[in-house]
Amino acid sequence: MAVVSGIRDLGAHVGETVTLRGWVQTTRTHGKVAFVVLRDGTGIVQGVVLQKEVGPDVWERFGALTLETSIELRGTVREERRAPGGYEIGVQDLRILGPSHDYPIQPKEHGPDFLLDHRHLWLRSSQQRAIMLVRNEVEKAIVDFFYDRGFVRVDTPILTGAVGEGGAGLFEVDYFDDKAYLAQTGQLYGEAAAAALGKIYTFGPTFRAEKSKTRRHLTEFWMVEPEMAWYDSNDNMRLQEELVSYLVGRALERCKNELEYLGRDISRLEKVTPPFPRLEYGDAVALLQQHGSEIQWGTDLGAPDETILGSIYEKPVFVMNYPKQAKAFYMKENPADPRTVLCDDLIAPEGFGEIIGGSQREDDLDRLVARIQEQGLPLEAYGWYLDLRRYGTFVHSGFGLGVERTVAWITGRPHIRETIPFPRMLYRLYP
RNA sequence: UCCCGCGUAGCUCAGUCGGUAGAGCAGCGGACUGUUAAUCCGUUUGUCGCAGGUUCGAGUCCUGCCGCGGGAGCCA
């Protein structure tokens, strides 16, 4: 009696006859013995055929298998030290379910342009599969982390009016006879929801129409944005380091095989535990200048500055309380130094750059209005947002964590385009 | 938008001083009873990104355009 089993669970079926369905990853023939490596999404296993043990029809079909043909194999499971994974299938029968001729991606080096044009097929590779499994784990860990701490998930709109962090970088879409924009953050809606539900988070895609061409940018990316009533900036940072440490810990706990397959230095990730180092912006500038940076007080950190900081510390590092003019209008003025605002960026180590931007929000109506006007933003677009300060204003803070940047760091991928199934980038909308 | 680089076979690339194109892999045919991107023998494959210019002659030099990559800015 044949048992249909996933490759991952084959160890429990040694000695039994099983039927497996999947795709041909590689084939090797060797005279009167032939091998096929089968992938079914749960793992890979080697099937072996001996010419003398099967009929000539099975032998002929097996020998003619091509890359990515979908097949059904029937055979017995046995332990085999020489086989990848430790088990193999002694094949008795083979059915071809879907032929595959001239599969474009070969088991060899390819360039990024070719691979991205074939992203729909590239995803089948072991390496890309490992990255997707880590992404899956990180996304599940995000949801678990917040659920376990009493946060309510709030889904904020993707189609929005002009409300956002500023005018630049918005994708415009027709909205009947009006214009709408794809959301570049859910934060302002998150603030409204925090007044209703206390601690909330949003988790979804976000869109930036920036003509960025770097390894750290996508035009569509996933962001998790918690917003907490009664949290000040320090509470905010404590939550951030807990979250990031939890995500890394979950990846280490449940995706160790994938991380090892990707060649990740596990020992670097094992050091990611709270607390993370904290640097006041002014101290960061001084430190960067010592390390050769041209940065001057008043400007945001550049990408090279983030790389320098990421190489000094083994853990992610907070840079806190930036000058007002470098940051968004909604950040709260720092009582200890009114030139600055209560905010933080979290810089990942090993050159992976900023993975979190967060702040305490300005809860004073008059100061908030003044900041909107200072930055030349249209006050009328923020009417409902200002209501949050008119009706029971409250101390609150929040942040945004970029999922792709986090996964790139955890998996050690140099470019975030490999951490999302179908990356949307400048000039790249297909597949 | 700006700066830098690349564009030659299905893929990855070489091509010298300007003299009309080559390798490996893949594919195809064959050999092989334990392979791990097997190995070995044989073999097919070209709008040299596009357009123009210089030249007796351009893959090679010049100009423009297109595509892609990397970086800057913006940020997650």
Item to check | C40(B) - base-pair partner by Watson-Crick or wobble geometry, distances under 3.5 Å | outcome: G30(B)
Item to check | Phe221(A) over A76(B), stacked by centroid distance under 5.5 Å, angle under 30° | outcome: yes
Checklist entry - With a 4.0 Å cut-off on heavy atoms, is Gly353(A) in touch with a base, just the backbone sugar-phosphate, or nothing at all? => result nothing
Checklist entry - Counting any heavy atom closer than 4.0 Å, what does Phe114(A) reach on the DNA or RNA strands: base, sugar-phosphate only, or nothing? => result sugar-phosphate
Checklist entry - Does the side chain of Arg21(A) pick up a donor-acceptor pair with the side chain of Thr19(A) at under 3.5 Å? => result no
Item to check | Whole-Å distance separating the CG atom of Asp102(A) from the P atom of A9(B) | outcome: 17 Å
Item to check | Electrostatic pair Glu362(A)-Arg371(A), nearest N-O below 4.0 angstrom | outcome: no
Next on the checklist: Under 4.0 Å, counting only non-hydrogen atoms across every strand here, what does Arg215(A) touch: a base, just sugar-phosphate, or nothing?
Outcome noted: sugar-phosphate
Next on the checklist: Just the rounded figure in Å: distance from P of C74(B) to CZ of Arg405(A).
Outcome noted: 12 Å
Next on the checklist: Regarding Lys327(A) and Asp345(A), does a basic nitrogen lie under 4.0 Å from an acidic carboxylate oxygen?
Outcome noted: yes
Checklist entry - Just checking Leu50(A): base, sugar-phosphate only, or nothing, at a heavy-atom cut-off of under 4.0 Å? => result base
Checklist entry - Is the cationic atom of Arg149(A) (NZ for Lys, CZ for Arg) positioned less than 6.0 Å from the six-membered ring centroid of Phe145(A) and within 45 degrees of its normal? => result yes
Next on the checklist: Measure CG/Asp300(A) against P/A72(B) and give the value in whole Å, please.
Outcome noted: 13 Å
Checklist entry - Heavy atoms under 4.0 Å, any strand shown: does Ile105(A) hit a base, just sugar-phosphate, or nothing? => result nothing
Checklist entry - Starting at the 5' end of RNA chain B and moving along, which residue's nearest nucleotide shows up first, Val33(A) or His110(A)? => result His110(A)
Next on the checklist: Taking any heavy-atom pair under 4.0 Å as a contact, classify Gln51(A): base, sugar-phosphate, or nothing.
Outcome noted: nothing
Checklist entry - With sugar-phosphate meaning primed atoms plus P, OP1 and OP2, does Thr29(A) contact a base, only sugar-phosphate, or nothing at under 4.0 Å between heavy atoms? => result base
Checklist entry - Counting only Watson-Crick or G-U wobble pairs whose two distances fall under 3.5 Å, which nucleotide matches G24(B)? => result C11(B)
Checklist entry - With sugar-phosphate meaning primed atoms plus P, OP1 and OP2, does His101(A) contact a base, only sugar-phosphate, or nothing at under 4.0 Å between heavy atoms? => result nothing
Item to check | Length of the line joining Ile420(A):CD1 and A76(B):C1', which is rounded to integer Å | outcome: 12 Å
Checklist entry - Between G24(B) atom C1' and Glu109(A) atom CD, what is the distance in whole Å? => result 13 Å
Checklist entry - Taking the same atom, C1', in C17(B) and in C13(B), what whole-Å distance lies between them? => result 23 Å
Item to check | Whole-angstrom distance between C66(B) and G10(B), as gauged at atom P | outcome: 25 Å
Item to check | Salt bridge Glu258(A)-Arg135(A), side-chain N to carboxylate O under 4.0 Å | outcome: no
Checklist entry - In the structure shown, which nucleotide is the Watson-Crick or G-U wobble counterpart of G5(B), with both distances under 3.5 Å? => result C68(B)
Item to check | Distance in angstrom units between Lys211(A) NZ and C75(B) P, rounded | outcome: 18 Å
Checklist entry - If you pin Glu88(A) and Pro304(A) to their nearest nucleotides in RNA chain B, which one's is more 5'? => result Glu88(A)
Checklist outcome for this item: When rounded to whole Å, the NE2 to P distance for the pair His118(A) and G10(B) reads 12 Å
Item to check | Test side-chain hydrogen bond (donor to acceptor under 3.5 Å, both in side chains) applied to Thr340(A) and Asn334(A), step by step | outcome: CA-CA 6 Å; Thr340(A) 65; Asn334(A) 182 2; 3.0 Å; yes
Next on the checklist: Determine whether the aromatic ring centres of residues Tyr382(A) and Phe329(A) are separated by less than 6.0 angstrom.
Outcome noted: yes
Item to check | Sugar-phosphate, base or nothing in reach of Gln46(A), heavy atoms under 4.0 Å | outcome: base
Next on the checklist: Roughly how many Å apart are U35(B) and G24(B), using the P atom of each and rounding to a whole number?
Outcome noted: 25 Å
Checklist entry - How is Ala303(A) classified with respect to the nucleic acid when contacts are heavy atoms under 4.0 Å: base, sugar-phosphate, or nothing? => result sugar-phosphate
Checklist entry - Contact class for Arg417(A) vs. all strands (heavy atom < 4.0 Å): base, sugar-phosphate, or nothing? => result sugar-phosphate
